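Here the structure is laid out as structure tokens; the discussion comes afterwards.
Please read these numbers as outputs of a predicted model, since none were measured by experiment. We number each residue from 1, following the sequence as shown.
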Amino acid sequence: MSLKEQINNDIKHAMRNKNQDELRALRAIKSAILLAETEKGGGEGLKEETEFALLNKAAKQRRDSAAVFKEQNREDLAEKELAELEIIERYLPEQLSEDEVSAEVDKIISETGASGMKDMGKVMGAASQRMAGKADNKVIAAKVKERLSQ
């Protein structure tokens with residue numbers, strides 16, 4: 001079952017259960033998928049990496065919004081964003097631990113023959129592609145910088 005079909009089924013389920021937080025998050029995901037499909041001139045659907053990128057973007061937006069709301073002492077709005085984030089994260093693959101990210105970065109560095117910070121772009125390109133949806137790019141970039149600056 002594709003992500004789009006799964007979201008549609010879960011929207012129906014949330015509507016039956018009158019779960020407004022879940023419904024709001026699922027509609028946001030569906031909207032992002034539909035926009036991405038029309039941008040590509042699609043009809044054939046989205047690739048899995050693209051779906052993960054959309055979900056990661058939506059999750060990042062929720063995290064950032066929740067942080068801003070907390071800074072402004074708007075706990076009610078922060079809670080809504082965090083509830084939506086929790087729902088969005090259900091559709092993402094399990095995130096890699098920092099140790100797993102480090103091991104993968106080490107493997108990529110040895111495969112590409114990277115020797116210093118000048119090779120960061122090459123390593124980041126491969127790492128972002130290989131760990132798409134499984135790790136946050138900020139974490140990946142930090143590990144790549146750490147390894148290449150040694």
Side-chain angles (χ1 to χ4, degrees), residues 1-72 74-112 114 120-147:
M1 179 184 306
S2 73
L3 178 65
K4 185 177 176 181
E5 292 168 346
Q6 187 177 359
I7 295 295
N8 283 332
N9 288 337
D10 291 348
I11 285 175
K12 291 175 192 172
H13 188 265
M15 289 172 87
R16 281 188 210 111
N17 293 335
K18 295 180 174 51
N19 186 336
Q20 294 302 315
D21 288 336
E22 189 171 351
L23 194 55
R24 189 174 38 256
L26 293 171
R27 284 181 173 158
I29 296 169
K30 182 178 179 180
S31 173
I33 291 171
L34 292 173
L35 280 172
E37 285 178 343
T38 57
E39 282 177 7
K40 307 287 184 210
E44 59 199 51
L46 298 175
K47 294 181 182 175
E48 193 172 283
E49 310 90 58
T50 309
E51 290 175 345
F52 289 146
L54 290 171
L55 290 172
N56 276 327
K57 183 179 178 183
K60 183 181 183 316
Q61 288 172 339
R62 299 310 182 282
R63 272 189 221 101
D64 293 346
S65 295
V68 169
F69 289 140
K70 282 184 180 182
E71 285 176 17
Q72 297 174 350
R74 293 297 310 264
E75 290 299 321
D76 55 329
L77 296 176
E79 286 176 22
K80 277 186 177 181
E81 293 295 323
L82 292 173
E84 287 184 31
L85 173 63
E86 189 177 310
I87 293 160
I88 292 168
E89 286 177 340
R90 283 190 228 156
Y91 300 95
L92 284 168
E94 188 174 325
Q95 298 293 298
L96 297 174
S97 70
E98 284 197 34
D99 293 337
E100 292 170 324
V101 171
S102 295
E104 195 66 35
V105 166
D106 289 340
K107 192 185 309 180
I108 292 168
I109 288 173
S110 66
E111 288 172 5
T112 59
M120 183 163 175
K122 184 176 12 173
V123 175
M124 274 303 296
S128 295
Q129 191 173 35
R130 196 175 296 177
M131 293 184 267
K134 298 177 186 171
D136 185 30
N137 273 343
K138 285 182 182 178
V139 174
I140 296 171
K143 292 296 178 187
V144 170
K145 283 181 188 175
E146 178 185 314
R147 296 293 196 252

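- For E84 and R24, the salt-bridge test passes: some basic side-chain N is under 4.0 Å from an acidic carboxylate O.
- Electrostatic pairing of E75 and K80 does not count as a salt bridge here, judged by no charged N lying under 4.0 Å from a carboxylate O.
- In summary, E104 and K134 do not engage in a salt bridge, as defined by a charged side-chain N under 4.0 Å from a carboxylate O.
- Summarising the geometry, atom CG belonging to L96 is positioned 10.5 Å from atom OG belonging to S102; distances are rounded to the nearest 0.5 Å.
- Under the 4.5 Å side-chain criterion, counting only non-hydrogen atoms from C-beta, E22 is not in contact with M15.
- You'll find the side chain of M131 reaches within 4.5 Å of the side chain of V105, heavy atoms only.
- D10 is listed as a side-chain neighbour of Q6, based on a closest heavy-atom distance under 4.5 Å.
- What you find for K122 and T112 is that their closest heavy atoms are NZ-O, 3.7 Å.
- I108 CD1 to S128 OG: the interatomic distance, rounded to the nearest 0.5 Å, is 8.5 Å.
- For the pair D64 and K60, the salt-bridge criterion is met [side-chain N within less than 4.0 Å of a carboxylate O].
- Looking at E100, its side chain does come within 3.5 Å of a backbone N or O of S97 through a donor-acceptor pair.
- A 4.5 Å side-chain heavy-atom check between L34 and E37 finds at least one atom pair inside the cut-off.
- Remark: I33 CD1 to L3 CG distance equals 4.0 Å, nearest 0.5 Å.
- With hydrogens and angles ignored, the 3.5 Å screen pairs no side-chain donor or acceptor of R74 with any backbone N or O of K70.
- Other residues, nucleotides and ligands contribute more than 12 heavy atoms inside 6.0 Å of the CD atom of E146.
- The CZ atom of R62 sits 4.0 Å away from atom CD1 of I88, with the distance rounded to the nearest 0.5 Å.
- Summarising the geometry, atom CG belonging to N137 is positioned 8.0 Å from atom CG belonging to N56; distances are rounded to the nearest 0.5 Å.
- Residue M124 comes nearest to A141 through the heavy atom pair SD-CA, 3.6 Å, listed as atom of the first residue, atom of the second, then distance.
- Surrounding CD of E98 are at most 12 heavy atoms belonging to other residues, nucleotides or ligands under 6.0 Å away.
- Under the 4.5 Å side-chain criterion, counting only non-hydrogen atoms from C-beta, E111 is in contact with K107.
- Side chain to side chain, N17 and H13 meet the donor-acceptor criterion of an N or O pair below 3.5 Å.
- Summarising the geometry of A66 relative to A78, their closest heavy-atom pair is O-CB, 3.8 Å, with the distance given to 0.1 Å.
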Can you check side chain to side chain contact (heavy atoms under 4.5 Å, CB included) on I29 and L54, steps first, answer last? CA-CA 8 Å; I29 296 169; L54 290 171; over 6 Å; no
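- The structure places CD1 of I140 at 13.0 Å from NZ of K138, a figure rounded to the nearest 0.5 Å.
- Contact record, L55 with Y91: CD1-O, 3.6 Å, taken as the closest heavy-atom pair.
- When atom types are taken as modelled, the side chain of Q72 and the backbone of F69 share no donor-acceptor pair closer than 3.5 angstrom.
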